[in-house]
Student: 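One structure coming up, written as structure tokens, with questions to follow.
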There are 2 protein chains.
Amino acid sequence: MTGNDPVYLRVVEELRAQIVDGTLPPGAPIPSRAQLTQRFRVGETAARHALRVLAAEGLIIGKVGSGHYVREKSVLYPLQRCRYVDHDAPFAADMQAGGHRATWDWRSETIKAMRDVARRLRLEEGDPVTRTRYVFRTEGKPMQLATSYEPADLGRGQSFPEEGTNGRKSLVARMSAVGIKITDIRESVHTRVPQPTESDLLDLPTGVHILHVERTHWSGDRPVETSDIVVPGDRFRLVYSVPLGA
Amino acid sequence: MTGNDPVYLRVVEELRAQIVDGTLPPGAPIPSRAQLTQRFRVGETAARHALRVLAAEGLIIGKVGSGHYVREKSVLYPLQRCRYVDHDAPFAADMQAGGHRATWDWRSETIKAMRDVARRLRLEEGDPVTRTRYVFRTEGKPMQLATSYEPADLGRGQSFPEEGTNGRKSLVARMSAVGIKITDIRESVHTRVPQPTESDLLDLPTGVHILHVERTHWSGDRPVETSDIVVPGDRFRLVYSVPLGA
DNA sequence: GACGACGACTTGGAGTCCCAACTTTACCAA
DNA sequence: TTGGTAAAGTTGGGACTCCAAGTCGTCGTC
């Protein structure tokens with residue numbers, strides 16, 4: 001039966017249908033709360049709730065004092081504003097691509113490994129590791145957080161600015177100086193709700209999820225560096241490109 | 001000033017802090033609406049809104065008739081229940097790994113390419129493509145949606161069941177039969193709110209985002225297959241493993 | 001001890017009203 | 001024509017209320 005489901009869903013479904021079939025094109029104004037209550041013969045709560053749901057789905061945006069509007073397609077499925085992974089160098093990042101210049105802050109320190117980091121680096125909990133925290137900015141806006149961990153005995157004595165945005169070149173160079181050759185990289189990607197510090201640092205509006213990448217550099221079967229990379233989910237695409245050797 | 005931001009945020013922030021620092025452990029009951037109004041001296045609207053925000057963030061779940069509870073960690077930061085990409089075969093999927101047996105439904109048909117698909121396959125809008133839709137299930141529960149597009153002239157005459165879960169082997173075999181060698185794979189990962197059909201098919205609770213993978217198989221500079229892969233963001237990790245050839 | 005009924009409590013849907021802050025438009029004066 | 005202002009409309013936060021449906025513990029009966 002469709003007769004007894006919530007009335008606000010009726011509003012949501014009708015508006016959503018009109019948006020996806022193009023009756024309400026991008027940029028078009030959505031009927032206001034007052035108009036919806038009249039048109040659908042529902043209370044203000046239902047109208048309001050319907051608008052909130054559609055906004056949460058990313059189909060419309062509310063402009064205070066003006067109204068709700070159908071979101072532009074470009075915002076809905078954004079193009080990659082930052083190319084994250086390059087073609088010639090898989091898993092390297094190049095934030096200059098796309099015409100945007102990136103800047104970043106970073107700070108290194110030596111700490112005791114937490115359980116999670118110890119597991120990922122195959123160390124014991126409490127072993128010393130070098131932690132480097134980065135905040136990457138594009139056009140001044142924070143765009144990516146990264147926290148990198150290396151076993152402290154792999155001699156990142158003095159911490160120096162990274163060359164590539166992700167410091168892969170720098171890492172490879174530093175490692176090869178200690179006789180370690182990085183053989184492969186493993187990444188694990190998932191999405192979750194930002195923690196308060198993250199939404200603070202990345203200046204995230206409510207409702208935006210983040211992409212969390214756990215990246216580990218391996219030398220044979222020995223992990224030599226692991227990092228947590230956090231980017232806003234709505235503005236970012238991770239791009240992987242890998243040749244099929246077989 | 002923090003004095004003049006919405007009161008419901010005060011409630012949200014305090015509860016969230018208690019959840020992330022463990023004062024309210026997973027499974028713990030959240031104060032009810034009535035209790036929150038008393039404790040924080042706010043109206044029911046604010047209390048209710050705060051609970052809705054926390055539920056949307058995936059930190060708590062509401063059980064009607066019982067109360068709100070802190071979500072279990074396993075749901076919050078799940079371990080990989082399905083290994084998505086294998087080590088020996090990068091970008092191949094093996095859903096058997098992890099002790100779970102996967103089943104899937106699929107259906108093929110020939111349609112006219114929409115703009116997006118045409119762009120990805122370097123075709124003209126309206127050119128014929130073979131679309132195959134999959135629903136993958138683990139333990140009976142839908143776990144992954146995939147929609148695959150191939151140019152119709154690449155001769156998927158009779159559509160036959162895939163061997164691997166993602167049909168990469170099958171695809172490679174089929175392509176090599178037509179003299180096409182797949183040279184590399186490019187993937188683009190982002191996260192977004194599920195569309196109604198998606199949350200329906202995947203049986204998603206509200207507030208759960210999805211991971212959307214656009215995967216394209218290339219033969220040289222010619223795209224031969226592209227697919228959209230949609231998985232629940234809270235239960236899935238994408239695992240990439242690639243050797244560094246250089 | 002087992003079982004069932006009942007009442008207290010909780011969520012989620014829905015309605016109504018009020019207000020501050022903001023946008024848009026229309027109109028009037030210089 | 002231009003500039004400024006006032007009015008009307010809109011969003012977002014908030015308070016209060018009512019109700020249906022569901023959970024859960026208590027208490028009395030068998």
Side-chain angles (χ1 to χ4, degrees), chain A residues 1-16 19 24 27-72 75 204-208, chain B residues 1-16 19 24 27-71 196 199 204-208:
Chain A
M1 310 289 177
T2 55
N4 59 346
D5 49 56
V7 287
Y8 82 88
L9 272 186
R10 232 182 56 223
V11 184
V12 167
E13 274 158 19
E14 177 152 338
L15 290 176
R16 183 159 50 205
I19 292 169
L24 288 168
I30 299 289
S32 72
R33 252 158 46 184
Q35 288 172 309
L36 287 177
T37 54
Q38 285 199 339
R39 283 248 263 274
F40 289 87
R41 299 313 207 84
V42 297
E44 213 192 286
T45 314
R48 190 187 281 228
H49 194 45
L51 291 171
R52 213 169 347 93
V53 168
L54 289 170
E57 286 180 6
L59 288 171
I60 65 176
I61 42 166
K63 290 196 202 303
V64 43
S66 170
H68 283 93
Y69 301 89
V70 179
R71 260 199 169 180
E72 302 292 333
V75 178
L204 295 178
T206 57
V208 171
Chain B
M1 309 287 177
T2 55
N4 60 347
D5 50 55
V7 288
Y8 83 88
L9 271 186
R10 230 181 57 222
V11 184
V12 167
E13 274 158 19
E14 178 151 339
L15 290 177
R16 183 160 50 205
I19 292 170
L24 288 169
I30 299 289
S32 73
R33 252 157 46 183
Q35 289 172 308
L36 288 177
T37 54
Q38 285 199 339
R39 283 249 262 275
F40 288 88
R41 299 314 208 83
V42 297
E44 219 193 282
T45 313
R48 187 186 284 230
H49 194 44
L51 291 172
R52 209 167 352 94
V53 167
L54 289 169
E57 287 181 5
L59 289 170
I60 64 176
I61 42 167
K63 291 195 202 301
V64 44
S66 171
H68 282 95
Y69 301 88
V70 180
R71 265 199 166 178
S199 58
L204 296 178
T206 55
V208 171

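Only heavy atoms go into these numbers, but all of them, side chains included; no hydrogens, no water, no symmetry mates. Lettering of chains follows the sequences in order, A, B, ..., and the numbering in each one begins at 1. Everything numeric here is computed off the predicted structure, so don't read it as measured data.
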Student: Go through the steps to decide whether R39(B) and E14(B) satisfy the test side chain to side chain contact (heavy atoms under 4.5 Å, CB included), and finish with yes or no.
Tutor: CA-CA 12 Å; R39(B) 283 249 262 275; E14(B) 178 151 339; over 6 Å; no
Student: Would you please name every residue forming a salt bridge (Lys or Arg N to Asp or Glu O under 4.0 Å) with E44(A), sequence neighbours left out?
Tutor: R33(A), R48(A)
Student: Of all nucleotides in DNA chain D with an atom under 4.0 Å from a non-hydrogen atom of chain A, which is the first and which the last going 5' to 3'?
Tutor: dG9(D) to dG14(D)
Student: Quick one: side-chain contact (heavy atoms from CB on, under 4.5 Å) partners of Q38(A), sequence neighbours excluded?
Tutor: none
Student: Just by protein heavy atoms under 4.0 Å, how would nucleotides 6-14 of chain C read 5' to 3' in B, S and -?
Tutor: ----BBBBB
Student: Using side-chain contact (heavy atoms from CB on, under 4.5 Å) as the criterion, list what pairs up with A28(B), not counting sequence neighbours.
Tutor: L24(B), P25(B), V70(B)
Student: My understanding is that only residues two or more places apart in sequence, or in another chain, count here; which of them pass side chain to side chain donor-acceptor pair (under 3.5 Å) with S66(A)?
Tutor: Y69(A)
Student: side-chain contact (heavy atoms from CB on, under 4.5 Å) with I61(B): which residues, sequence neighbours excluded?
Tutor: K63(B), R71(B)
Student: With side chain to side chain contact (heavy atoms under 4.5 Å, CB included) as the test, would you mind laying out the steps for L51(B) and L36(B) before giving the verdict?
Tutor: CA-CA 10 Å; L51(B) 291 172; L36(B) 288 177; 3.9 Å; yes
Student: Is any side-chain heavy atom of L9(A) less than 4.5 Å from a side-chain heavy atom of V53(A)?
Tutor: no
Student: Over how many whole Å does the gap from R41(A) atom CZ to dT16(C) atom C1' extend?
Tutor: 16 Å
Student: Quantify the bending of the helix from dG1(C)-dC30(D) to dA30(C)-dT1(D) as the angle between its end axes, each fitted on five pairs, to 10°.
Tutor: 0°
Student: Excluding sequence neighbours, so at least two apart, what forms side-chain contact (heavy atoms from CB on, under 4.5 Å) with V7(B)?
Tutor: R10(B), V42(B), A46(B)
Student: Using 0.5 Å steps for rounding, measure from the CZ atom of R52(A) to the CD1 atom of I60(A).
Tutor: 11.0 Å
